[in-house]
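Taking it in order: structure first as C-alpha coordinates, then the write-up.
Basis for what follows: all heavy atoms, side chains included, without hydrogens, waters or symmetry-related copies.
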Amino acid sequence: MRLVRGAQAEAAVDKLRRRAINEAELEPEVRRIVEDVRRNGDKALLRYATKWDRLAKGSPVRVSSREMQAAWEESSPQFRKALKVAAANIRSFAEWQMPKSKMKSSDSDNGIRTGQVVRPLQSVGCYVPGGRYPLPSSLLMTVTAAQVAGVHDISVVSPNPARETLAAAALLGVKNFYRVGGAQAIAALAFGTASIPRVDKIVGPGNRYVTIAKRLVAFECAIDFVAGPTEVVVLSHKGNASFIASDLVAQAEHDADAVSIFITTSQRLASDVMKNVGELSRDNSTAQQSLRQNGLVLIATTRSQAIEWCNAIAPEHISVEKEDLPGIQNAGSIFVGDYSPQAVGDYCSGPNHVLPTGGYARCRGGLSVWDFVKIIAVQELTLPGLRSLASTTTTLAQAEGLVAHAQSVERRVDLE
(Lines give C-alpha, C1' and ligand atoms only; values in the text may rest on other atoms or scores of the structure.)
Protein backbone atom coordinates (compact mmCIF):
# COMPACT_ATOMS: atom_id res chain seq x y z
CA MET A 1 0.00 0.00 0.00
CA ARG A 2 1.08 3.55 -0.69
CA LEU A 3 0.81 6.28 1.97
CA VAL A 4 -0.08 9.79 0.78
CA ARG A 5 -1.00 13.06 2.49
CA GLY A 6 -1.62 16.71 1.68
CA ALA A 7 -1.97 17.69 -1.97
CA GLN A 8 -1.15 14.15 -3.10
CA ALA A 9 -4.00 12.76 -1.01
CA GLU A 10 -6.42 15.34 -2.41
CA ALA A 11 -5.32 14.39 -5.93
CA ALA A 12 -5.81 10.69 -5.16
CA VAL A 13 -9.34 11.32 -3.87
CA ASP A 14 -10.16 13.40 -6.95
CA LYS A 15 -8.95 10.57 -9.20
CA LEU A 16 -11.07 8.08 -7.27
CA ARG A 17 -14.08 10.42 -7.51
CA ARG A 18 -13.77 10.36 -11.31
CA ARG A 19 -13.08 6.64 -11.64
CA ALA A 20 -15.15 4.65 -14.10
CA ILE A 21 -15.33 1.08 -15.31
CA ASN A 22 -12.93 0.75 -18.25
CA GLU A 23 -15.03 -0.65 -21.04
CA ALA A 24 -13.62 0.93 -24.20
CA GLU A 25 -11.30 -1.99 -24.87
CA LEU A 26 -13.89 -4.74 -24.40
CA GLU A 27 -17.12 -3.09 -25.52
CA PRO A 28 -16.84 -3.96 -29.25
CA GLU A 29 -16.32 -7.65 -28.43
CA VAL A 30 -19.14 -7.70 -25.87
CA ARG A 31 -21.46 -5.91 -28.30
CA ARG A 32 -20.79 -8.59 -30.93
CA ILE A 33 -21.64 -11.35 -28.45
CA VAL A 34 -24.84 -9.62 -27.33
CA GLU A 35 -25.98 -8.98 -30.89
CA ASP A 36 -25.16 -12.55 -31.92
CA VAL A 37 -27.35 -13.98 -29.17
CA ARG A 38 -30.11 -11.47 -29.91
CA ARG A 39 -30.22 -12.51 -33.58
CA ASN A 40 -29.38 -16.20 -33.37
CA GLY A 41 -30.69 -17.23 -29.96
CA ASP A 42 -29.71 -20.69 -28.74
CA LYS A 43 -27.40 -21.33 -31.67
CA ALA A 44 -25.11 -18.51 -30.56
CA LEU A 45 -25.69 -19.09 -26.84
CA LEU A 46 -24.68 -22.76 -27.03
CA ARG A 47 -21.63 -21.98 -29.14
CA TYR A 48 -20.33 -19.53 -26.54
CA ALA A 49 -21.31 -21.76 -23.63
CA THR A 50 -19.36 -24.66 -25.14
CA LYS A 51 -16.37 -22.41 -25.78
CA TRP A 52 -16.24 -20.48 -22.49
CA ASP A 53 -18.61 -21.99 -19.92
CA ARG A 54 -17.32 -25.59 -20.07
CA LEU A 55 -20.68 -26.82 -21.30
CA ALA A 56 -20.12 -30.22 -22.90
CA LYS A 57 -21.56 -30.58 -26.41
CA GLY A 58 -25.02 -32.08 -26.23
CA SER A 59 -25.41 -31.34 -22.51
CA PRO A 60 -28.58 -29.55 -21.43
CA VAL A 61 -28.29 -25.86 -20.62
CA ARG A 62 -30.89 -26.21 -17.89
CA VAL A 63 -29.86 -27.76 -14.59
CA SER A 64 -32.34 -30.37 -13.40
CA SER A 65 -33.96 -30.29 -9.98
CA ARG A 66 -32.44 -33.72 -9.39
CA GLU A 67 -28.92 -32.35 -9.95
CA MET A 68 -29.52 -29.47 -7.55
CA GLN A 69 -30.94 -31.80 -4.92
CA ALA A 70 -27.97 -34.17 -5.33
CA ALA A 71 -25.59 -31.25 -4.75
CA TRP A 72 -27.45 -30.44 -1.53
CA GLU A 73 -27.29 -34.02 -0.30
CA GLU A 74 -23.58 -34.35 -1.16
CA SER A 75 -22.67 -31.18 0.75
CA SER A 76 -21.33 -31.44 4.27
CA PRO A 77 -23.70 -30.95 7.21
CA GLN A 78 -21.63 -27.94 8.29
CA PHE A 79 -22.01 -26.27 4.88
CA ARG A 80 -25.75 -26.99 4.75
CA LYS A 81 -26.17 -25.47 8.21
CA ALA A 82 -24.22 -22.35 7.16
CA LEU A 83 -26.42 -21.93 4.08
CA LYS A 84 -29.56 -22.24 6.22
CA VAL A 85 -28.40 -19.64 8.73
CA ALA A 86 -27.33 -17.20 6.01
CA ALA A 87 -30.55 -17.69 4.02
CA ALA A 88 -32.70 -17.16 7.12
CA ASN A 89 -30.93 -13.91 8.01
CA ILE A 90 -31.13 -12.59 4.43
CA ARG A 91 -34.83 -13.47 4.25
CA SER A 92 -35.59 -11.89 7.62
CA PHE A 93 -33.90 -8.62 6.62
CA ALA A 94 -35.67 -8.55 3.24
CA GLU A 95 -39.05 -9.13 4.92
CA TRP A 96 -38.37 -6.28 7.34
CA GLN A 97 -37.33 -4.09 4.41
CA MET A 98 -40.34 -4.88 2.21
CA PRO A 99 -42.37 -1.76 1.33
CA LYS A 100 -46.09 -1.78 2.11
CA SER A 101 -49.24 -0.98 0.18
CA LYS A 102 -50.99 1.87 1.99
CA MET A 103 -53.39 4.76 1.61
CA LYS A 104 -52.58 8.20 2.96
CA SER A 105 -54.61 9.08 6.03
CA SER A 106 -56.46 12.39 6.15
CA ASP A 107 -57.58 14.54 9.07
CA SER A 108 -60.85 15.30 7.29
CA ASP A 109 -63.03 13.53 4.76
CA ASN A 110 -62.26 15.75 1.77
CA GLY A 111 -63.13 13.12 -0.82
CA ILE A 112 -59.54 12.64 -1.96
CA ARG A 113 -57.69 9.43 -1.16
CA THR A 114 -54.17 8.79 -2.38
CA GLY A 115 -51.75 6.00 -1.68
CA GLN A 116 -49.66 3.26 -3.19
CA VAL A 117 -49.78 -0.41 -4.03
CA VAL A 118 -46.70 -2.61 -4.11
CA ARG A 119 -46.53 -5.12 -6.96
CA PRO A 120 -43.71 -7.59 -7.68
CA LEU A 121 -41.93 -7.80 -11.00
CA GLN A 122 -43.15 -10.77 -13.02
CA SER A 123 -39.71 -12.16 -13.90
CA VAL A 124 -36.07 -11.59 -12.99
CA GLY A 125 -32.73 -13.08 -13.96
CA CYS A 126 -30.13 -13.57 -11.21
CA TYR A 127 -26.51 -13.71 -12.36
CA VAL A 128 -24.24 -15.78 -10.09
CA PRO A 129 -20.49 -15.66 -10.86
CA GLY A 130 -18.82 -19.03 -11.36
CA GLY A 131 -15.22 -18.16 -12.05
CA ARG A 132 -12.22 -18.64 -9.80
CA TYR A 133 -14.36 -18.62 -6.66
CA PRO A 134 -17.88 -20.12 -6.56
CA LEU A 135 -20.29 -17.65 -5.02
CA PRO A 136 -23.31 -19.44 -3.57
CA SER A 137 -23.70 -16.38 -1.36
CA SER A 138 -24.62 -14.30 -4.43
CA LEU A 139 -27.37 -16.77 -5.25
CA LEU A 140 -28.74 -16.46 -1.70
CA MET A 141 -28.64 -12.66 -1.87
CA THR A 142 -30.38 -12.23 -5.22
CA VAL A 143 -32.89 -15.10 -5.21
CA THR A 144 -34.03 -14.62 -1.60
CA ALA A 145 -34.80 -10.93 -2.11
CA ALA A 146 -36.73 -11.77 -5.29
CA GLN A 147 -38.72 -14.46 -3.48
CA VAL A 148 -39.63 -12.14 -0.60
CA ALA A 149 -40.78 -9.53 -3.11
CA GLY A 150 -43.10 -12.12 -4.66
CA VAL A 151 -41.44 -12.45 -8.08
CA HIS A 152 -43.15 -15.32 -9.87
CA ASP A 153 -40.49 -16.35 -12.42
CA ILE A 154 -36.88 -16.41 -11.20
CA SER A 155 -34.12 -17.58 -13.55
CA VAL A 156 -30.56 -18.17 -12.33
CA VAL A 157 -27.59 -18.22 -14.71
CA SER A 158 -24.09 -19.28 -13.70
CA PRO A 159 -21.20 -20.59 -15.81
CA ASN A 160 -20.01 -24.08 -14.86
CA PRO A 161 -21.85 -23.87 -11.52
CA ALA A 162 -20.07 -25.35 -8.52
CA ARG A 163 -21.71 -27.91 -6.27
CA GLU A 164 -21.95 -25.30 -3.52
CA THR A 165 -23.93 -22.98 -5.81
CA LEU A 166 -26.27 -25.79 -6.87
CA ALA A 167 -26.77 -26.73 -3.23
CA ALA A 168 -27.80 -23.15 -2.41
CA ALA A 169 -30.26 -23.26 -5.32
CA ALA A 170 -31.75 -26.49 -3.95
CA LEU A 171 -32.19 -24.94 -0.51
CA LEU A 172 -34.15 -22.02 -1.98
CA GLY A 173 -36.21 -24.22 -4.30
CA VAL A 174 -34.88 -22.65 -7.52
CA LYS A 175 -36.66 -24.16 -10.52
CA ASN A 176 -34.97 -22.42 -13.45
CA PHE A 177 -31.16 -22.69 -13.35
CA TYR A 178 -29.02 -22.43 -16.49
CA ARG A 179 -25.33 -23.31 -16.76
CA VAL A 180 -24.26 -20.34 -18.87
CA GLY A 181 -22.50 -17.11 -18.00
CA GLY A 182 -20.75 -14.06 -19.36
CA ALA A 183 -22.18 -11.58 -21.85
CA GLN A 184 -24.00 -14.41 -23.63
CA ALA A 185 -26.07 -15.21 -20.52
CA ILE A 186 -26.97 -11.54 -20.03
CA ALA A 187 -28.10 -11.31 -23.66
CA ALA A 188 -30.16 -14.49 -23.33
CA LEU A 189 -31.96 -13.10 -20.27
CA ALA A 190 -32.53 -9.74 -21.94
CA PHE A 191 -33.85 -11.00 -25.28
CA GLY A 192 -34.90 -14.57 -24.55
CA THR A 193 -33.95 -17.72 -26.46
CA ALA A 194 -35.60 -21.11 -26.96
CA SER A 195 -33.86 -22.35 -23.79
CA ILE A 196 -33.91 -19.27 -21.56
CA PRO A 197 -36.99 -17.05 -21.13
CA ARG A 198 -36.77 -13.29 -21.40
CA VAL A 199 -36.93 -11.49 -18.04
CA ASP A 200 -38.06 -8.06 -16.90
CA LYS A 201 -34.90 -7.31 -14.90
CA ILE A 202 -31.35 -8.66 -14.50
CA VAL A 203 -29.53 -8.45 -11.17
CA GLY A 204 -26.29 -9.71 -9.70
CA PRO A 205 -22.51 -9.16 -9.86
CA GLY A 206 -20.16 -10.34 -12.59
CA ASN A 207 -16.90 -9.75 -14.43
CA ARG A 208 -16.24 -6.96 -16.92
CA TYR A 209 -17.96 -8.85 -19.76
CA VAL A 210 -21.09 -9.20 -17.64
CA THR A 211 -20.90 -5.58 -16.51
CA ILE A 212 -20.59 -4.21 -20.03
CA ALA A 213 -23.33 -6.52 -21.33
CA LYS A 214 -25.70 -5.30 -18.61
CA ARG A 215 -25.07 -1.74 -19.69
CA LEU A 216 -25.70 -2.62 -23.34
CA VAL A 217 -29.06 -4.31 -22.67
CA ALA A 218 -30.27 -1.78 -20.09
CA PHE A 219 -32.79 -0.30 -22.55
CA GLU A 220 -34.15 -3.75 -23.43
CA CYS A 221 -34.78 -4.83 -19.84
CA ALA A 222 -34.09 -3.28 -16.46
CA ILE A 223 -30.85 -3.91 -14.56
CA ASP A 224 -29.92 -3.31 -10.94
CA PHE A 225 -26.76 -1.29 -11.61
CA VAL A 226 -23.38 -1.58 -13.26
CA ALA A 227 -20.72 -2.85 -10.86
CA GLY A 228 -16.99 -3.20 -11.27
CA PRO A 229 -14.13 -4.47 -9.10
CA THR A 230 -14.59 -4.68 -5.33
CA GLU A 231 -13.94 -1.53 -3.29
CA VAL A 232 -13.27 -1.11 0.40
CA VAL A 233 -12.71 2.02 2.47
CA VAL A 234 -11.95 1.90 6.17
CA LEU A 235 -12.23 5.18 8.09
CA SER A 236 -10.69 5.07 11.56
CA HIS A 237 -8.61 7.27 13.85
CA LYS A 238 -8.17 5.05 16.91
CA GLY A 239 -9.19 1.57 15.80
CA ASN A 240 -7.50 -1.83 15.98
CA ALA A 241 -4.79 -1.98 13.30
CA SER A 242 -5.09 -5.76 12.91
CA PHE A 243 -8.88 -5.59 12.42
CA ILE A 244 -8.56 -2.77 9.88
CA ALA A 245 -5.85 -4.56 7.93
CA SER A 246 -7.86 -7.79 7.85
CA ASP A 247 -10.80 -6.03 6.17
CA LEU A 248 -8.50 -4.42 3.60
CA VAL A 249 -6.84 -7.73 2.76
CA ALA A 250 -10.13 -9.65 2.73
CA GLN A 251 -11.66 -7.46 0.04
CA ALA A 252 -8.38 -7.22 -1.87
CA GLU A 253 -8.32 -10.98 -2.41
CA HIS A 254 -11.44 -10.79 -4.59
CA ASP A 255 -9.60 -9.47 -7.60
CA ALA A 256 -6.29 -7.93 -8.64
CA ASP A 257 -8.26 -4.79 -9.63
CA ALA A 258 -9.91 -4.41 -6.21
CA VAL A 259 -9.50 -1.01 -4.54
CA SER A 260 -8.50 -0.90 -0.84
CA ILE A 261 -8.24 2.42 0.99
CA PHE A 262 -7.56 3.33 4.60
CA ILE A 263 -8.35 6.91 5.68
CA THR A 264 -7.19 8.29 9.03
CA THR A 265 -5.86 11.34 10.83
CA SER A 266 -3.39 9.23 12.81
CA GLN A 267 0.10 8.71 11.41
CA ARG A 268 0.81 6.04 14.02
CA LEU A 269 -2.32 4.04 13.19
CA ALA A 270 -1.51 4.37 9.48
CA SER A 271 1.94 2.84 10.05
CA ASP A 272 0.52 0.02 12.17
CA VAL A 273 -2.15 -0.80 9.57
CA MET A 274 0.41 -0.91 6.76
CA LYS A 275 2.60 -3.26 8.80
CA ASN A 276 -0.36 -5.55 9.51
CA VAL A 277 -1.46 -5.51 5.85
CA GLY A 278 1.99 -6.71 4.85
CA GLU A 279 1.89 -9.56 7.34
CA LEU A 280 -1.70 -10.65 6.58
CA SER A 281 -1.26 -10.61 2.80
CA ARG A 282 2.07 -12.42 2.79
CA ASP A 283 0.63 -15.72 1.50
CA ASN A 284 -2.16 -14.26 -0.64
CA SER A 285 -0.84 -13.41 -4.10
CA THR A 286 -4.07 -11.87 -5.40
CA ALA A 287 -4.38 -9.59 -2.38
CA GLN A 288 -0.71 -8.64 -2.67
CA GLN A 289 -1.13 -7.63 -6.31
CA SER A 290 -4.32 -5.70 -5.62
CA LEU A 291 -2.85 -3.84 -2.65
CA ARG A 292 0.33 -3.05 -4.55
CA GLN A 293 -1.64 -1.62 -7.49
CA ASN A 294 -4.65 -0.04 -5.80
CA GLY A 295 -3.94 0.11 -2.07
CA LEU A 296 -3.82 3.57 -0.49
CA VAL A 297 -3.45 5.03 2.98
CA LEU A 298 -4.69 8.62 3.04
CA ILE A 299 -3.71 10.91 5.91
CA ALA A 300 -6.33 13.60 6.51
CA THR A 301 -5.71 16.81 8.42
CA THR A 302 -9.06 16.74 10.23
CA ARG A 303 -11.84 14.28 10.92
CA SER A 304 -14.24 16.32 8.77
CA GLN A 305 -11.81 16.20 5.86
CA ALA A 306 -11.58 12.41 6.23
CA ILE A 307 -15.38 12.11 6.07
CA GLU A 308 -15.49 14.45 3.08
CA TRP A 309 -13.01 12.18 1.27
CA CYS A 310 -15.13 9.10 2.04
CA ASN A 311 -18.24 10.71 0.57
CA ALA A 312 -16.33 11.84 -2.49
CA ILE A 313 -15.07 8.29 -3.11
CA ALA A 314 -18.58 6.80 -2.50
CA PRO A 315 -17.22 3.28 -1.93
CA GLU A 316 -18.92 -0.08 -2.25
CA HIS A 317 -18.03 -1.06 1.36
CA ILE A 318 -17.03 1.28 4.16
CA SER A 319 -16.12 0.58 7.80
CA VAL A 320 -16.43 3.44 10.28
CA GLU A 321 -16.33 4.20 13.98
CA LYS A 322 -19.81 4.77 15.42
CA GLU A 323 -19.36 8.50 15.90
CA ASP A 324 -18.59 8.93 12.19
CA LEU A 325 -21.71 7.10 10.95
CA PRO A 326 -23.92 10.24 10.73
CA GLY A 327 -21.43 11.83 8.36
CA ILE A 328 -21.43 9.04 5.78
CA GLN A 329 -23.75 9.98 2.93
CA ASN A 330 -22.43 7.88 0.02
CA ALA A 331 -21.76 4.15 0.36
CA GLY A 332 -23.06 0.82 -0.86
CA SER A 333 -23.03 -0.72 2.63
CA ILE A 334 -21.74 0.59 5.99
CA PHE A 335 -20.07 -1.49 8.73
CA VAL A 336 -19.88 0.10 12.17
CA GLY A 337 -17.31 -0.62 14.88
CA ASP A 338 -14.52 -3.10 15.51
CA TYR A 339 -16.72 -6.20 15.49
CA SER A 340 -18.53 -5.69 12.18
CA PRO A 341 -16.14 -7.25 9.65
CA GLN A 342 -17.17 -6.74 6.06
CA ALA A 343 -16.93 -10.49 5.45
CA VAL A 344 -19.99 -11.05 7.67
CA GLY A 345 -21.95 -8.75 5.38
CA ASP A 346 -20.66 -10.65 2.38
CA TYR A 347 -22.28 -13.84 3.66
CA CYS A 348 -24.81 -13.89 6.40
CA SER A 349 -25.70 -10.83 8.50
CA GLY A 350 -28.76 -10.11 6.34
CA PRO A 351 -28.30 -6.96 4.20
CA ASN A 352 -27.52 -7.63 0.56
CA HIS A 353 -23.92 -7.94 -0.63
CA VAL A 354 -24.69 -6.94 -4.24
CA LEU A 355 -23.44 -3.35 -4.09
CA PRO A 356 -22.73 -0.41 -6.43
CA THR A 357 -19.12 0.41 -7.34
CA GLY A 358 -17.35 3.02 -9.43
CA GLY A 359 -18.82 5.89 -7.42
CA TYR A 360 -22.40 4.85 -8.21
CA ALA A 361 -23.08 4.78 -4.46
CA ARG A 362 -23.59 8.54 -4.84
CA CYS A 363 -26.97 7.60 -6.34
CA ARG A 364 -28.09 4.46 -4.52
CA GLY A 365 -27.29 1.81 -1.94
CA GLY A 366 -27.04 -1.92 -2.47
CA LEU A 367 -29.50 -4.38 -3.96
CA SER A 368 -32.63 -4.79 -1.87
CA VAL A 369 -36.14 -6.17 -1.98
CA TRP A 370 -37.14 -2.76 -3.42
CA ASP A 371 -35.34 -3.70 -6.65
CA PHE A 372 -37.88 -6.48 -7.25
CA VAL A 373 -41.11 -4.52 -6.80
CA LYS A 374 -42.95 -1.61 -8.38
CA ILE A 375 -44.44 1.15 -6.24
CA ILE A 376 -47.61 2.20 -8.06
CA ALA A 377 -49.52 5.33 -7.01
CA VAL A 378 -53.27 5.06 -6.39
CA GLN A 379 -55.81 7.91 -6.46
CA GLU A 380 -59.49 7.79 -5.59
CA LEU A 381 -61.70 10.90 -5.59
CA THR A 382 -65.38 11.34 -4.77
CA LEU A 383 -67.46 13.94 -6.61
CA PRO A 384 -66.96 16.51 -3.81
CA GLY A 385 -63.25 15.73 -3.86
CA LEU A 386 -63.07 16.26 -7.62
CA ARG A 387 -64.98 19.52 -7.31
CA SER A 388 -62.40 20.79 -4.81
CA LEU A 389 -59.61 20.30 -7.37
CA ALA A 390 -61.50 20.96 -10.61
CA SER A 391 -60.67 24.63 -10.98
CA THR A 392 -56.99 24.05 -10.21
CA THR A 393 -56.82 21.23 -12.76
CA THR A 394 -58.59 23.03 -15.58
CA THR A 395 -56.64 26.26 -15.06
CA LEU A 396 -53.31 24.43 -15.29
CA ALA A 397 -54.46 22.31 -18.24
CA GLN A 398 -55.57 25.37 -20.18
CA ALA A 399 -52.30 27.14 -19.40
CA GLU A 400 -50.47 24.21 -21.00
CA GLY A 401 -52.79 24.17 -23.99
CA LEU A 402 -54.13 20.70 -23.16
CA VAL A 403 -57.79 21.35 -23.75
CA ALA A 404 -58.90 17.72 -23.57
CA HIS A 405 -57.38 17.45 -20.11
CA ALA A 406 -59.60 20.27 -18.92
CA GLN A 407 -62.64 18.81 -20.67
CA SER A 408 -62.16 15.44 -18.94
CA VAL A 409 -62.78 17.26 -15.65
CA GLU A 410 -65.49 19.60 -16.91
CA ARG A 411 -67.59 16.70 -18.21
CA ARG A 412 -67.75 15.33 -14.67
CA VAL A 413 -68.18 18.54 -12.70
CA ASP A 414 -70.44 21.56 -13.04
CA LEU A 415 -67.97 24.43 -12.62
CA GLU A 416 -70.58 27.23 -12.79
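Here R80 does not pair with E164 in a salt bridge; the nearest charged N to carboxylate O distance is not below 4.0 Å. Comment: D224 engages K214 in a salt bridge, judged by a side-chain N to carboxylate O separation of less than 4.0 angstrom. Ion pairing between a basic and an acidic side chain is recognised when a charged N comes within 4.0 Å of a carboxylate O; R17 and E10 show no such pairing. The existence of a salt bridge linking R19 and D14 is excluded, since no basic side-chain nitrogen approaches an acidic carboxylate oxygen closer than 4.0 Å. A salt bridge links R303 with D324: the closest approach of a Lys/Arg side-chain nitrogen to an acidic carboxylate oxygen falls below 4.0 angstrom. Salt bridge status for R32 with D36: absent, with no side-chain N to carboxylate O gap under 4.0 Å. A salt bridge links E323 with K238: at least one charged nitrogen is closer than 4.0 Å to a carboxylate oxygen.
More than 12 heavy-atom neighbours from other residues, nucleotides or ligands sit within 6.0 angstrom of CD on E73. Summarising the local packing, CZ of F79 is surrounded by more than 12 heavy atoms from other residues, nucleotides or ligands at distances under 6.0 Å. By the 6.0 Å contact criterion, CD on E95 is enclosed, its count of non-hydrogen atoms from other residues, nucleotides or ligands being greater than 12. Atom OH of Y360 has 12 or fewer heavy atoms from other residues, nucleotides or ligands within 6.0 Å. For H405, the NE2 atom sits in a loose shell: 12 or fewer heavy atoms of surrounding residues, nucleotides or ligands are nearer than 6.0 Å.
A distance of 13.0 Å separates CZ of F93 from OG1 of T144, quoted to the nearest 0.5 Å. For the atom pair CG of L3 and CD1 of I299, the computed distance is 4.5 Å after rounding to the nearest 0.5 Å. Atom NE2 of H237 is separated from atom OG of S266 by 9.5 Å, given to the nearest 0.5 angstrom. To the nearest 0.5 angstrom, D42 atom CG is 3.0 Å from S195 atom OG. Summarising the geometry, atom CD1 belonging to I263 is positioned 6.5 Å from atom CD1 belonging to I318; distances are rounded to the nearest 0.5 Å. To the nearest 0.5 Å, atoms CD1 (I202) and CD1 (I223) are separated by 8.0 Å.
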(request) Please report the C-alpha distance between S333 and H353 in whole Å, then the side-chain angles of each, then the deciding distance to 0.1 Å, and finally whether the side-chain hydrogen bond (donor to acceptor under 3.5 Å, both in side chains) criterion is met. (result) CA-CA 8 Å; S333 193; H353 81 189; over 6 Å; no
(request) Carefully, step by step, assess D200 and K374 under the rule salt bridge (Lys or Arg N to Asp or Glu O under 4.0 Å). (result) CA-CA 12 Å; D200 296 326; K374 298 168 287 187; over 6 Å; no
(request) Given side-chain hydrogen bond (donor to acceptor under 3.5 Å, both in side chains), test S260 with Q251 step by step and report yes or no. (result) CA-CA 7 Å; S260 302; Q251 298 302 328; over 6 Å; no
(request) Would you sort out whether F335 and V320 count as a side chain to side chain contact (heavy atoms under 4.5 Å, CB included), showing the intermediate values? (result) CA-CA 6 Å; F335 300 80; V320 300; over 6 Å; no
(message) Would W72 and L171 count as a side chain to side chain contact (heavy atoms under 4.5 Å, CB included) here? Give the steps.
(response) CA-CA 7 Å; W72 172 260; L171 173 64; 3.8 Å; yes
(request) Check step by step if salt bridge (Lys or Arg N to Asp or Glu O under 4.0 Å) holds for R38 and E220. (result) CA-CA 11 Å; R38 183 180 70 82; E220 298 290 339; over 6 Å; no
(request) Let me see the working for N284 and E253 under side-chain hydrogen bond (donor to acceptor under 3.5 Å, both in side chains), right down to the final yes or no. (result) CA-CA 7 Å; N284 193 321; E253 76 173 342; 2.8 Å; yes
(message) Checking V277 against V249 for the side chain to side chain contact (heavy atoms under 4.5 Å, CB included) test, could you report, in this order, the C-alpha distance in whole Å, the side-chain angles of both residues, the deciding distance, and whether it holds?
(response) CA-CA 7 Å; V277 164; V249 174; 4.2 Å; yes
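When only modelled atom types and interatomic distance are considered, R91 and Q147 share a side-chain donor-acceptor pair under 3.5 Å. Side-chain N/O atoms of N160 and R179 include no donor and acceptor closer than 3.5 Å. Between the side chains of D283 and Q288, no donor-acceptor pair of N or O atoms lies under 3.5 Å.
Without hydrogens or angle criteria, T165 side chain to P161 main chain gives no donor-acceptor distance under 3.5 Å. Without hydrogens or angle criteria, E231 side chain to E316 main chain gives a donor-acceptor distance under 3.5 Å. Although no hydrogens or angles enter the test, the distance criterion places a donor-acceptor pair under 3.5 Å between the side chain of R198 and the main chain of A190. Of the possible polar contacts, none joining the S290 side chain to the A287 backbone as a donor-acceptor pair under 3.5 Å is found. Although no hydrogens or angles enter the test, the distance criterion places no donor-acceptor pair under 3.5 Å between the side chain of T395 and the main chain of T392. Looking at W370, its side chain never comes within 3.5 Å of a backbone N or O of I375 through a donor-acceptor pair. Side chain of Q267 to main chain of T264: no donor-acceptor pair is present (N/O by atom type, distance under 3.5 Å, no hydrogens or angles). Without hydrogens or angle criteria, S75 side chain to A71 main chain gives a donor-acceptor distance under 3.5 Å. Counting only distance, with no hydrogens or angles, the side chain of N311 and the backbone of N330 share a donor-acceptor pair below 3.5 Å. N240 places a side-chain N or O within donor-acceptor distance of the main-chain N or O of S242, the cut-off being under 3.5 Å.
Taking the six-membered ring for Trp and thresholds of 30 and 60 degrees, Y48 and W52 have nearly parallel ring planes, at less than 30 degrees apart. The aromatic rings of F243 and Y339 sit perpendicular to each other, their planes meeting at more than 60°, with 30° as the lower class boundary.
The two atoms that bring I261 and L248 nearest to each other are O-CD2, 3.7 Å, heavy atoms only. Counting all heavy atoms, side chain and backbone alike, F225 lies closest to L367 at CE2-N, 3.9 Å.
Only one option out of T286, V232, T230 pairs with H254 in a side chain to side chain contact (heavy atoms under 4.5 Å, CB included); it is T230.
Between F372 and V148, every side-chain heavy-atom pair lies at or beyond the 4.5 Å cut-off.
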